[in-house]
Amino acid sequence: MSAPTPPARSGAASAIGWVLTIGLNVVAPILTYNTLTENHGWSEFSALLAGSVWPVLDSAIMVAWRRKLDEFAVVTLVFLVITALVSLIGAHTARALLIKDSGVTGLFGLLCLVTLLAPRPLMFYFGRKFATDGTPASTAWWNGMWQYEGFRSTMRTMTLVWGVAYVVEALVRIALAYALPTKTMVTLSPLMIYGVLGALGVWTAWFGKHRAAEGARRQAEAEAEAAAAAAA
């Protein structure tokens, strides 16, 4: 059975979804944290907790708009809460904060690996967030792809790679936090975070296209063999 083609994406719905996702899950929490800690003297814990309101708002909007809970916003909220809780543990020196920051990305990696034991891995939900426009038709198409073994294998492989990459990244940053001066790590740490994210993003796009092309090739070969058998 051939895989169904994805429905045409709604440009407006896709654009609105992206603006809400990036604005409320990424930009707003960062601006809130920086503004409250630098200009208003809030503690890191309080500022992070305040920033977690934005993903909650995103989830509420998605529920009202699309009648479903958005898993991406839920994961973002969980990690904002984890970050806030981690910030309370142990010392509050610059080096300790760098180590705690590494711990959060390491926890994300572990979460990816743990979801490999779940019915569907984490990258399935992240993929649905970014590969569809959130409309019922595109969501149903993405959910329906799970019936294909190649698709399931692709999602699990992506989740495994992201999980291992972020666990290794966290361990390396923790080691460097002890080995290098704090001033150096303040610059190096975000470069590592976004460098790994960028590399994973590029690899994920390539791997997804590679698997899709491989699946199309196998399907064409199977159809050709079936046609040849029917002609014989």
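Heavy-atom basis, side chains included; hydrogens, waters and symmetry copies ignored. It should be emphasised that the depicted structure is a prediction, and the values quoted were computed from it without experimental measurement.
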- Between T159 (side chain) and P121 (backbone), is there a donor-acceptor pair under 3.5 Å? no
- Item | Exam field: side chain W142 to backbone F124, donor-acceptor pair closer than 3.5 Å | yes
- Query: Can you tell me how far CZ of F207 sits from OG1 of T157, rounded to the nearest 0.5 angstrom?
  - Reply: 4.5 Å
- Task: Search all heavy atoms of A170 against all heavy atoms of T105 and return the closest pair with its distance.
- Result: CB-OG1, 3.8 Å
- State which residue, out of V202, V196, L197, fulfils the side-chain contact (heavy atoms from CB on, under 4.5 Å) condition with L200. V196
- Query: Do M158 and W146 belong to the same hydrophobic cluster, where Ile, Leu, Val, Met, Phe, Trp and Tyr are linked whenever their side-chain heavy atoms lie under 4.5 Å apart, directly or via other members?
  - Reply: yes
- Query: Any side-chain heavy atom of M123 sitting closer than 4.5 Å to one from L160?
  - Reply: no
- Task: Look only at the side chain of E38 and the backbone of T35, and say whether a donor-acceptor pair between them is shorter than 3.5 Å.
- Result: no
- Query: Are side-chain heavy atoms of T139 and N143 found at a separation under 4.5 Å?
  - Reply: yes
- Message: Restricting to side-chain contact (heavy atoms from CB on, under 4.5 Å), what partner residues turn up for L31, sequence neighbours left out?
- Response: V27
- Message: Assigning hydrophobic clusters by single linkage (Ile, Leu, Val, Met, Phe, Trp, Tyr; side-chain heavy-atom cutoff under 4.5 Å), is L111 placed with L117?
- Response: no
- Task: List in chain and number order the residues that pass side chain to side chain donor-acceptor pair (under 3.5 Å) with T115, two or more places apart in sequence or in another chain; answer none if no residue qualifies.
- Result: none
- Item | Joint hydrophobic cluster, L171 plus L107, side-chain heavy atoms closer than 4.5 Å | yes
- Message: With salt bridge (Lys or Arg N to Asp or Glu O under 4.0 Å) as the rule and sequence neighbours excluded, what pairs involving residues 146-172 come up?
- Response: E169-R173
- Nearest heavy-atom contact between C112 and L122 is SG-CD2, 3.7 Å
- Check against side chain to side chain contact (heavy atoms under 4.5 Å, CB included), R128 and S138: CA-CA 9 Å; R128 189 172 67 188; S138 62; over 6 Å; no
- Query: Can T204 and W162 be counted as having a side-chain donor-acceptor contact under 3.5 angstrom?
  - Reply: yes
- In terms of hydrophobic clustering (I, L, V, M, F, W, Y; side-chain heavy atoms under 4.5 Å; direct or indirect links), are M192 and V168 co-clustered? yes
- Just by modelled atom types, is the L180 backbone N or O under 3.5 Å from a matching donor or acceptor in the T184 side chain? no
